[in-house]
Amino acid sequence: MELKFDPNNPKYKYIQTPSELDAALEVLEKDPVIGVDVEGTGLDPYTSTLLLVQLGNEEISYIIDARKVPLKEFPRYKALLEDPKRIKLLHNAKFDYKFLKVQTGARLKNIYDTMLAGAVLTAGLVGKNPSLKELSFKYCGIDLEKGVRKTFANYLGEITEAQLKYSGLDTLVMFPIFKAQVEELKREDMVKVAKLEFASTLAVAEMELRGMCINVPKWKEVIAGLEEKRKKYADEFQELIRPYYGTNSVDLFGNSVDSMNVNSQAQLMDLLNKRIGLNLISTNDEFLKAVDHPVVNVLRDYRKYEKLISAFGQSLLDKVNPVTGRLHPDYNQMGTATGRFSCKDPNLQQIPRNSEEAPFRKLFNPAPGYKLVTADYSSFEMRILADLSGDANMIKALKEDLDIHSYTASLMFNLPYTEDFKKQHPDLRQIAKPIGFGLMYGMSAAGLASQIGVSKEKGEEYMELYFKSYPSVRDFLNKLADDAVKKGWSTTPLGRKRWYKRPSPSDPDYRRQMGGIQRQAKNHPIQGTNADAIKFAFVFLQERLEKEGIDGGITHTVHDEIVSEIREDQAEDWAKIQSEEMVRAAELFITKVPVKSDPYVGDEWEH
């Protein structure tokens with residue numbers, strides 16, 4: 001690829017005065033596409049210092065010293081970044097958006113993100129978002145030196161030539177990557193998918209900036225209660241295992257001493273196998289739950305509390321931002337190969353449903369004068385499966401708003417469907433329910449048998465009854481699996497592709513790997529459509545927030561649920577809007593069955 005810059009000697013201009021910025025903007029305002037990048041002393045836009053803002057075209061990068069040029073007082077600069085007709089090229093635009101909004105007052109519009117484009121073009125093959133270094137080498141043959149990046153951390157000195165050269169190259173290299181990716185997106189018919197990712201990442205950036213409040217004092221009380229229970233089971237565990245060590249385990253002062261470290265895998269294996277004789281191959285819970293032994297039972301109880309404390313204890317509270325007093329999780333919108341969000345720092349997707357001893361979701365509350373508006377999709381992936389498969393029985397159940405699992409059981413076991421079927425035949429409904437959910441994740445008959453505690457033969461019998469009840473579902477899922485094996489990819493109605501690495505027939509693990517591809521291919525169009533709908537909902541909701549002048553914003557999302565924090569007097573009206581826009585997003589893909597999204601307004605995340 002022909003480059004319009006020299007990778008070894010990139011052309012840049014260091015901007016340190018308003019007049020120099022005016023001259024740079026004079027040039028950039030003629031360009032339809034502008035490269036944008038930032039350098040800061042850290043990763044947090046609220047606590048770090050913005051050092052540089054790089055704006056460039058194909059030939060030159062203008063590097064603005066954000067400490068010397070008052071960008072918040074520069075409307076011309078703001079107008080350039082907010083121009084909806086001009087494309088802004090970025091890599092990981094969400095990161096730059098947050099710094100630019102907080103520290104310069106500019107809100108990027110009309111972006112192209114090389115990282116997200118790279119992610120959608122390799123979904124299923126790589127397992128992570130591509131770095132700019134990787135894309136530069138792939139498309140341009142340039143091996144970017146990224147070591148200089150570390151020199152910006154906590155740096156408050158004068159900008160060096162090495163830092164300027166590094167920063168300038170970051171905007172220049174995005175132009176050839178952009179051109180190559182656009183051709184690839186067209187070739188794969190994925191332009192619409194990329195545009196959705198670009199539009200939704202701006203809404204995600206706004207969500208992350210807003211963050212959410214948690215009740216820290218009550219959170220600490222909950223953790224203290226869990227720690228007491230953890231200690232109780234830890235002590236009980238030590239008492240139970242003492243006989244196996246043939247010692248009183250008492251120190252010089254008469255205090256009890258632990259016989260072993262309950263968190264050591266090696267010591268646990270020694271205890272469970274050599275001393276107790278259980279012959280286990282692992283201490284993972286999937287193996288332990290099959291064993292009925294007092295030591296194992298107490299160990300599992302201890303681990304339940306240990307897991308809660310390690311995930312949601314002080315480590316989570318340490319992530320409360322010192323400036324905002326809120327949590328600001330990091331969402332990866334290409335967190336899975338299906339296009340679904342993942343979340344970290346903290347991971348809200350693993351916050352458990354409320355229980356009496358761990359009511360964590362009750363402690364996510366709005367700021368004073370605001371309410372939380374929560375809305376999710378009802379049986380969303382089931383509705384997607386019904387729509388995509390076109391199965392007449394499943395469509396009928398969802399159209400008539402029947403209890404889908406009771407209706408499925410009635411078909412499977414040839415019983416009349418009644419309003420109180422759940423009460424009359426709870427055991428049969430419990431057989432049907434995991435099949436309906438499991439099929440969308442490629443569950444096998446053996447997997448079903450293990451889940452409901454029956455023989456593999458019985459599991460196969462139940463699966464066959466299910467498919468006889470919904471014949472089009474079987475045909476649809478089988479076609480998805482066959483197509484993925486033939487083509488090497490699967491797709492959603494929008495065009496979101498997931499690629500598969502097909503093994504060689506000579507591979508000794510060939511059958512297992514091909515089975516994995518078939519399972520993933522059955523799941524991808526369903527979960528991927530879920531992801532597409534949620535991202536459209538994000539875009540629609542952000543547009544409505546701005547259009548309606550709503551005081552508030554989206555605070556978090558988990559799978560098919562979106563939560564907003566809205567000023568109290570606007571919350572009820574917004575609840576209707578949030579539900580309507582989520583339904584509108586889903587109806588872009590689902591037309592054969594109704595879509596439901598019931599909103600709730602309150603003072604807690606979970607009600």
Side-chain angles (χ1 to χ4, degrees), residues 338 376-422 424-445 447-448 451-452 459-484 490-494 518-534 559-560 582-583 585-598:
T338 61
D376 64 1
Y377 290 114
S378 171
S379 306
F380 195 32
E381 293 195 345
M382 191 75 71
R383 292 173 196 274
I384 295 169
L385 176 61
D387 196 277
L388 297 185
S389 69
D391 189 273
N393 284 338
M394 195 175 279
I395 289 171
K396 166 189 161 68
L398 292 166
K399 270 189 169 178
E400 295 179 13
D401 204 20
L402 307 181
D403 172 32
I404 186 70
H405 305 303
S406 294
Y407 179 73
T408 302
S410 75
L411 293 176
M412 286 175 64
F413 300 105
N414 199 23
L415 293 166
Y417 175 85
T418 58
E419 289 296 321
D420 62 347
F421 189 97
K422 185 176 180 178
Q424 284 189 49
H425 307 286
D427 51 337
L428 301 182
R429 187 179 183 276
Q430 271 316 109
I431 292 170
K433 186 175 180 179
I435 303 177
F437 287 127
L439 281 179
M440 292 180 275
Y441 293 87
M443 183 175 66
S444 64
L448 171 66
Q451 193 170 340
I452 62 177
E460 286 171 352
E461 181 187 323
Y462 289 149
M463 291 282 266
E464 186 59 30
L465 288 172
Y466 182 93
F467 281 129
K468 281 182 178 173
S469 305
Y470 299 123
S472 298
V473 169
R474 189 208 304 257
D475 296 342
F476 170 69
L477 294 174
N478 286 343
K479 187 173 188 313
L480 289 178
D482 292 344
D483 285 352
S490 54
T491 186
T492 68
L494 181 68
Q518 291 171 326
R519 280 193 303 277
Q520 291 162 353
K522 290 173 183 178
N523 170 247
H524 169 236
I526 299 163
Q527 196 177 102
T529 298
N530 187 337
D532 291 339
I534 281 287
H559 302 318
D560 54 12
M582 288 177 70
V583 169
E587 285 178 345
L588 294 172
F589 311 106
I590 299 176
T591 57
K592 300 185 185 86
V593 296
V595 178
K596 294 176 70 178
S597 175
D598 298 320

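Closest of all the heavy-atom pairs between A521 and A481 is CB-CA, 4.2 Å. Here the closest non-hydrogen pair linking E587 and V595 is CG-CG2, 4.1 Å. Residue N530 comes nearest to H559 through the heavy atom pair OD1-O, 4.3 Å, listed as atom of the first residue, atom of the second, then distance. H405 and K433 get closest at one heavy-atom pair: ND1-CA, 3.6 Å. When every heavy atom of T408 is checked against every heavy atom of A432, the shortest pair comes out as CG2-CB, 3.9 Å. Pairing each heavy atom of M412 with each of I431, the nearest pair is CE-CG2, 4.3 Å.
One finds the CD atom of E419 at 9.5 Å from the OG atom of S406 (value rounded to the nearest 0.5 Å). Separation of atoms CD (E460) and OG (S444) is listed at 9.0 Å; rounding is to 0.5 Å. Interatomic distance, D598 CG to M582 CE, rounded to the nearest 0.5 Å: 10.5 Å. Atom CG in D532 sits 9.5 Å away from atom CG in L588 (nearest 0.5 Å).
Residues satisfying the salt bridge (charged side-chain N to carboxylate O under 4.0 Å, His left out) test with R429, not counting sequence neighbours, are D403. In terms of the salt bridge (charged side-chain N to carboxylate O under 4.0 Å, His left out) criterion, residue partners of D483 (sequence neighbours excluded) are, by chain and number, K479.
Put simply, the side chain of D387 gets close to the backbone of K592: a donor and an acceptor are under 3.5 Å apart. Remark: side-chain polar atoms of S379 are not paired, donor with acceptor, to backbone N or O of M382 under 3.5 angstrom.
Using cut-offs of 30° and 60° for the angle between ring planes, the Y407 and Y417 rings count as perpendicular. In this structure, F380 and Y377 have parallel ring planes: the angle between them is below the 30° cut-off, well short of the 60° mark.
The side-chain heavy atoms of R383 and P594, taken from C-beta on, include a pair separated by under 4.5 Å. T492 is not listed as a side-chain neighbour of F589, based on a closest heavy-atom distance of 4.5 Å or more. For the pair F476 and L388, the minimum side-chain heavy-atom distance is below 4.5 Å. Within the 4.5 Å cutoff, side-chain heavy atoms of L428 are placed close to those of L415.
Neither side chain, S389 nor D391, offers a donor N or O lying under 3.5 Å from an acceptor on the other. For the 3.5 Å distance criterion, the side chains of H524 and T338 fail to qualify, holding no donor opposite an acceptor.
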Point to revise | Test salt bridge (charged side-chain N to carboxylate O under 4.0 Å, His left out) applied to D401 and K596, step by step | key: CA-CA 10 Å; D401 204 20; K596 294 176 70 178; 3.3 Å; yes

